[in-house]
Each structure stands twice: as C-alpha cells, then as structure tokens.
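Written below as structure tokens is the structure these notes are about.
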Amino acid sequence: MRSPIPDYLASALSSVEADHSGATADYIPELRDADPDRLAVAVCTEDGQMYSQGDCEVEFSIQSISKPLVYALALADRGFDEVLGKVGVEPSGDAFNEMSFDTEFGRPLNPMINAGAIATHSLVGRHDATAEQQVERIVDGLSAFAGRRLEVDESVFESEISTSFRNRALANMLRANGTIHDDPLIAVAGYTRQCSLLVTVEDLARMAATLSNRGVNPVTGAPVVPAAVVRQTLSVMATCGMYDGAGDWMTRVGVPAKSGVAGGMIGALPGQAGIATFSPRLDKHGNSVRGAELFQRFTSEMGMHLMDVAPPGLAAVRGRRIVGEGDEAITIVSLQGNLAFAGAERFLRNLVEEPLTTKRVGIGIVRVGSIADVGRRMILEAIRRLTLDGHDVYLIDADGLLPDPDPGHGGRVTIVNAPGDILRINGLDL
Ligand code: DON
C-alpha cells in the first residue's frame with residue numbers, strides 16, 4: 001500500500017498555492033529578494049518518520065524560529081532561576097521588534113520578541129563563555145535539534161547586520177537596564193548569526209519533533225534538552241510564539257508554534273509530531289500567510305488543536321469479574337488505554353463504588369498502552385489501601401509496564417505474568 005499521508009500533504013499545498021497575499025520581509029534586503037512562490041511542508045512523527053512535499057530541498061534562514069530553541073538551550077545551560085530572572089514569560093501583545101520592556105521586573109517580557117531573544121542569546125553556555133563560544137554552542141545545539149550540521153548564510157547575516165538599527169536599539173536598551181552585560185553590538189551580531197542559520201523544511205520538522213518528543217531527537221536518538229525545559233519552551237511558544245497574533249493563533253490553530261521572517265514556521269504537537277511549513281510571503285505580524293493557512297487546515301482536518309482531546313478516562317476499566325470459587329475466588333479488574341489522572345481516577349472510583357467481595361484482587365494492566373507517573377502513583381496507592389483493608393493483591397503485568405511496583409508503607413503486591421499464574425484457569429480474557 002502507498003501511504004495516503006504524502007498525498008494529503010500535496011493536496012494541502014495545492015489548496016493554498018494560489019494565495020499570493022502578503023509580502024516578503026522588506027527590512028532585510030536578502031529576504032526581500034527571495035523567491036516568494038516557494039512552498040513546502042514536512043511532518044516528522046515522534047518516532048522519526050518524515051513526510052514532506054513541495055520545495056523540501058530549498059534552504060532558507062531560520063530567523064525567529066531559532067528563538068524557542070535557543071531559549072531551551074539557555075534553560076538547559078543556566079537553569080530556570082537565572083533565565084527567568086532575566087527574561088519573563090508574559091505575552092507582550094506587541095510586534096516582534098517592539099521596544100518592549102517590563103519595567104516592573106527589569107526584563108524583556110518574553111523570549112520570543114526580539115528584545116527577549118537578544119537577552120536569551122547572551123544566556124547560552126557557561127558563565128565564562130566568550131561571544132564566539134556562545135555562537136558555537138548555539139550552532140551545535142540547533143544542529144542537534146535538526147539532526148545534521150547547520151551552517152550560517154553569510155550573505156543573509158551581512159544583509160541583516162547592515163540594517164539592524166532596531167535590534168541595536170533594543171540591545172542598547174537591554175545594556176542600559178543591566179539585562180545584558182556584553183557589548184550591545186556584539187550581542188546583536190551573535191543573535192543575527194543565530195537567525196542566519198540555514199535550514200530546510202525537513203530540518204524544521206525534526207527540530208519541532210524533538211520538542212514533541214520530550215527533547216530527544218527522534219531521528220538520531222540524541223537527548224538535546226531535558227523534558228522540563230521542553231515543557232517550559234512549548235508553553236512560551238503557545239502563549240507568545242506568534243507575537244501580537246498569539247491569542248488568535250492559539251484559539252484558531254491551537255498548536256504551540258513559531259514563525260520566522262524568511263517564511264518558515266514550526267508547530268510542535270506534544271507526543272505526536274513536529275510540523276513545519278515554508279512560504280516566504282508574510283502577514284502584518286511577520287508570520288507566513290500560507291504557512292498559517294496550512295496549519296489551520298491541519299488543525300481542523302486532523303484534530304490537532306491542543307484543546308481537542310479525546311476523553312482518556314472513560315473506558316479505563318475494561319471489565320471486572322469474579323473468577324473461581326471459595327478461597328480460590330478472585331476479583332479481576334482489567335484496565336486499558338493510557339492511564340493518566342482521569343483513567344486512574346475511574347479505576348479508584350470503581351473500587352470505591354463497588355465494594356470487593358473476595359479476599360483476592362487481581363489488577364490486569366495487560367491491555368494498558370501507557371501509564372503516566374500520576375497514574376502509576378494512584379494505582380500503587382490503591383494497592384496499598386487494598387492491602388490495609390485485608391486483601392491479597394496481584395498485579396498482572398506481563399510486560400513490566402508499571403515500573404518499580406512498590407506500594408509503600410503497609411502495602412503488598414504480587415506481580416504475575418499472566419492470570420494463569422494465579423488461577424491456573426485457561427482462556428481468561430483480561
Ligand atoms: O531580528 C530580526 O528581526 C530577525 N532576525 C528575526 C525576526 C523574525 O523572524 C520575526 N518572526 N516572524
């Protein structure tokens with residue numbers, strides 16, 4: 001069979017192809033002169049499968065899409081306290097290049113606007129790192145996100161730096177307020193290099209997929225940043241990634257995203273996939289017009305809005321029955337699906353609302369897909385309480401799905417591979 005996904009992506013591209021609205025970024029000469037008709041899309045799943053269509057080979061500069069990735073590197077290198085002390089996490093409601101500064105806390109409002117991104121650039125690497133070493137760390141880090149070595153486009157760099165009057169003003173404002181300590185011009189040069197890194201739409205999809213995959217590049221398997229850093233980064237992308245269009249984006253599209261003025265855009269769907277688009281004409285916020293249309297299409301057609309979640313708890317208890325008689329009798333409660341808070345709560349409620357009538361209780365997790373940490377803790381606490389109530393508890397966990405099954409103080413559980421181990425009864429459908 002041929003996968004329908006590339007066909008779907010190709011038809012999505014054709015549906016937006018005719019839209020020539022918007023314009024290339026005119027404040028950077030190299031970007032103004034780019035071919036405005038380029039169009040590409042790539043989707044990389046959280047296990048590394050890539051689907052792409054259109055101008056996938058074309059390289060363009062990453063621009064502001066570097067901002068969340070460099071923010072992640074700064075958090076990983078310097079820790080949350082230092083980074084949050086210098087750069088906030090509040091949406092500015094302003095354009096990306098606004099002279100925006102939170103005077104109450106003495107820091108830029110967030111790392112997605114240029115003021116915050118220049119400050120974030122100077123927070124990467126060790127405290128004693130030189131400006132060159134910070135750029136090197138960023139090139140290495142972004143290459144790890146992409147899964148291949150990235151290079152700076154020197155002509156884009158020269159073109160932007162020669163006209164970067166506004167960013168210089170921002171860096172001077174940061175220096176005057178003590179947010180950065182470097183020479184403001186050197187900070188702008190480093191930040192502009194970061195923005196001039198060349199990527200393809202597939203690179204961007206792998207970068208986004210690394211964010212979707214808790215910080216591990218799904219293609220190379222390399223851990224790039226810790227999971228806690230990814231959570232912070234995706235949250236800031238969701239609230240501030242699309243600048244003064246962030247609220248509109250989050251409600252209509254609902255995917256944490258970031259755009260760049262060369263026409264790239266990424267969206268990261270946690271636990272599912274990284275998506276990237278490329279089309280250079282921009283709207284008034286500096287976001288790709290056709291990229292935004294494509295994302296909106298994916299959301300409505302593929303159910304990608306973050307707030308559209310299938311109810312995970314409803315069918316967590318697959319069944320409950322008593323098997324065997326007398327002292328041999330055992331109540332088997334079989335669970336299924338993905339057990340996070342809602343699913344585990346259904347399990348607890350089942351035990352509370354329907355009191356057990358047998359001394360022996362078996363909890364079957366053979367058909368469970370995954371157990372979140374909160375689900376694990378709730379199951380173990382149920383086991384502890386059942387033991388204290390006088391029950392003998394068995395956990396039927398053939399695949400070792402529930403790690404470290406210690407129910408804690410007063411609790412006891414026997415792990416069995418299959419129901420037959422307890423019952424010697426064949427054909428029991430868990
Ligand atoms: O600093 C700048 O203005 C550019 N290097 C990056 C701006 C950007 O990509 C805004 N996003 N859409």
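Whatever order the structure lists them in is the order used to number ligands and atoms, beginning at 1. Computed from a prediction, not measured in an experiment: that's the story for all the values here.
Using a 4.0 Å cut-off between charged nitrogen and carboxylate oxygen, Glu293 and Arg290 do not count as a salt-bridge pair. Taking 4.0 Å as the cut-off between side-chain N and carboxylate O, Asp203 and Arg206 count as a salt-bridged pair.
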Note down each nitrogen or oxygen pair, ligand 1 side and protein side, whose separation is under 3.5 Å; give only atom names and the distance to 0.1 Å.
unit_1, atom_1, unit_2, atom_2, d
ligand 1, 1 (O), Asn114, ND2, 3.0
ligand 1, 1 (O), Glu160, OE2, 3.3
ligand 1, 1 (O), Asn167, ND2, 2.9
ligand 1, 1 (O), Tyr191, OH, 2.6
ligand 1, 3 (O), Tyr27, OH, 2.5
ligand 1, 3 (O), Asn114, ND2, 3.2
ligand 1, 5 (N), Gln63, OE1, 2.7
ligand 1, 5 (N), Glu160, OE1, 3.0
ligand 1, 5 (N), Glu160, OE2, 2.7
ligand 1, 9 (O), Ser64, N, 3.0
ligand 1, 9 (O), Ser64, OG, 2.5
ligand 1, 9 (O), Val261, N, 2.9
ligand 1, 11 (N), Ser64, OG, 3.2
ligand 1, 11 (N), Tyr243, OH, 3.0
ligand 1, 12 (N), Ser259, OG, 3.4
ligand 1, 12 (N), Gly286, O, 3.0

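Residues Phe298 and Leu9 meet the side-chain proximity criterion, which asks for heavy atoms closer than 4.5 Å. Between Pro407 and Arg412, every side-chain heavy-atom pair lies at or beyond the 4.5 Å cut-off.
Partners of Asp37 by side-chain contact (heavy atoms from CB on, under 4.5 Å), not counting sequence neighbours, listed by chain and number: His20, Asp35, Arg281.
Glu160 and Thr192 form no side-chain donor-acceptor contact under 3.5 Å, judged by distance and modelled atom types alone.
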